[in-house]
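Inspection log for the structure reproduced underneath, given as structure tokens.
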Amino acid sequence: MTTDRHAPLQQPYGRAYEQMLEKVRYEGAYPTREKAEEAVLLVLAGLGRQLTGDERVDLAARLPLEAARVLTAQVPDTKPLGGWAFVKDLAARTGASLATTRWDTGSVFSAVAAYAGPDLITRILHQLPSGYALLFGRAELTPAA
């Protein structure tokens, strides 16, 4: 029996992760599941570099296992990025346009919000610097002076 050592190992994904990828593919109008997964991996890794503490742990517990692993494999940055800087950082890492990266971020964050629920997303938004609410499809609220 011969095997092609150059062929990637195909690991079957759990049903929850498959559903997450399909949601992102549908929400983002991606042509293939692979394109949706590229966006999921990019954005969740980026979020993993921003999120700390209980919110990080709670979000990981609610995401499908494969998504949680991507999130928690990242070491949080010592200086968190604001929402627009987050998008620019992701774009720089991939060479994609800012518009495409913003689209990817919104598509993935929509799915993340569905798993997390509104209360956890509110806690996450309170922890992160300004600019993330719009990425999660919420109004950016500023405290009154």
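Because only heavy atoms are used, hydrogens play no part in the values below, and waters and symmetry mates are left out as well, while side chains stay in.
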Heavy-atom side-chain contact between D104 and L90 under 4.5 Å: no
Heavy-atom closest pair, residues L71 and R56: O-NH2, 3.5 Å
Once you round to the nearest 0.5 Å, how far does OG1 of T94 lie from CD of E38? 9.5 Å
Chi angles and distances behind the salt bridge (Lys or Arg N to Asp or Glu O under 4.0 Å) call for R93, D89: CA-CA 6 Å; R93 289 173 185 269; D89 178 66; 2.9 Å; yes
Say you draw a straight line from CG of L81 to CD of Q50; how long is it, rounded to the nearest 0.5 Å? 4.0 Å
Distance col, row L41:CG vs E34:CD, nearest 0.5 angstrom, shows 11.5 Å
Side chain to side chain, W84 and L98, heavy atoms closer than 4.5 Å: yes
Do D54 and R123 make a side-chain contact, defined as non-hydrogen atoms from C-beta onward lying under 4.5 Å apart? yes
Under a plain distance cut-off of 3.5 Å, with no hydrogens placed, do T32 and R25 share a side-chain donor-acceptor pair? no
Separation between OG (S107) and CZ (R102), nearest 0.5 Å, reads 9.0 Å
R33 vs V24 side-chain heavy atoms within contact, under 4.5 Å: no
Per the side chain to side chain donor-acceptor pair (under 3.5 Å) rule, which among E66, E37, E22 passes with Y17? E37
Minimum heavy-atom separation for G82 and P129, please, with both atom names. CA-CB, 3.9 Å
Short question: side chain of E27, backbone of S110 - any donor-acceptor pair under 3.5 Å? no
To the nearest 0.5 Å, how far apart are OG1 in T101 and CG in L42? 6.5 Å
If we only count heavy atoms from C-beta on, is the P118 to I121 side-chain gap below 4.5 Å? no
Exercise: identify the closest heavy-atom pair between L125 and A133: CD2-N, 3.6 Å
Grouping I, L, V, M, F, W and Y whenever their side-chain heavy atoms are under 4.5 Å apart, do W103 and L135 come out in a common cluster? yes
Rounded distance (nearest 0.5 Å) linking atom CD of Q127 with atom CG of L51: 5.0 Å
What heavy-atom pair brings F136 and A113 nearest, and what distance separates the two atoms? CD2-CB, 4.3 Å
Given side chain to side chain contact (heavy atoms under 4.5 Å, CB included), test L44 with Q74 step by step and report yes or no. CA-CA 9 Å; L44 283 180; Q74 305 303 310; over 6 Å; no
Below 4.5 Å, heavy atoms only, C-beta onward: do P80 and R49 meet side chain to side chain? no
Flag the pair Y132 / T105 as yes when at least one side-chain heavy-atom distance between them is below 4.5 Å, and no otherwise. no
State yes or no: do L65 and V43 share one hydrophobic cluster built from I, L, V, M, F, W and Y residues joined by side-chain heavy-atom distances below 4.5 Å, directly or via other members? no
Check the pair L59 / V112 against side chain to side chain contact (heavy atoms under 4.5 Å, CB included), numbers first and verdict last. CA-CA 8 Å; L59 179 58; V112 167; 3.8 Å; yes
Are L47 and F109 close enough that some pair of their side-chain heavy atoms sits under 4.5 Å apart? yes
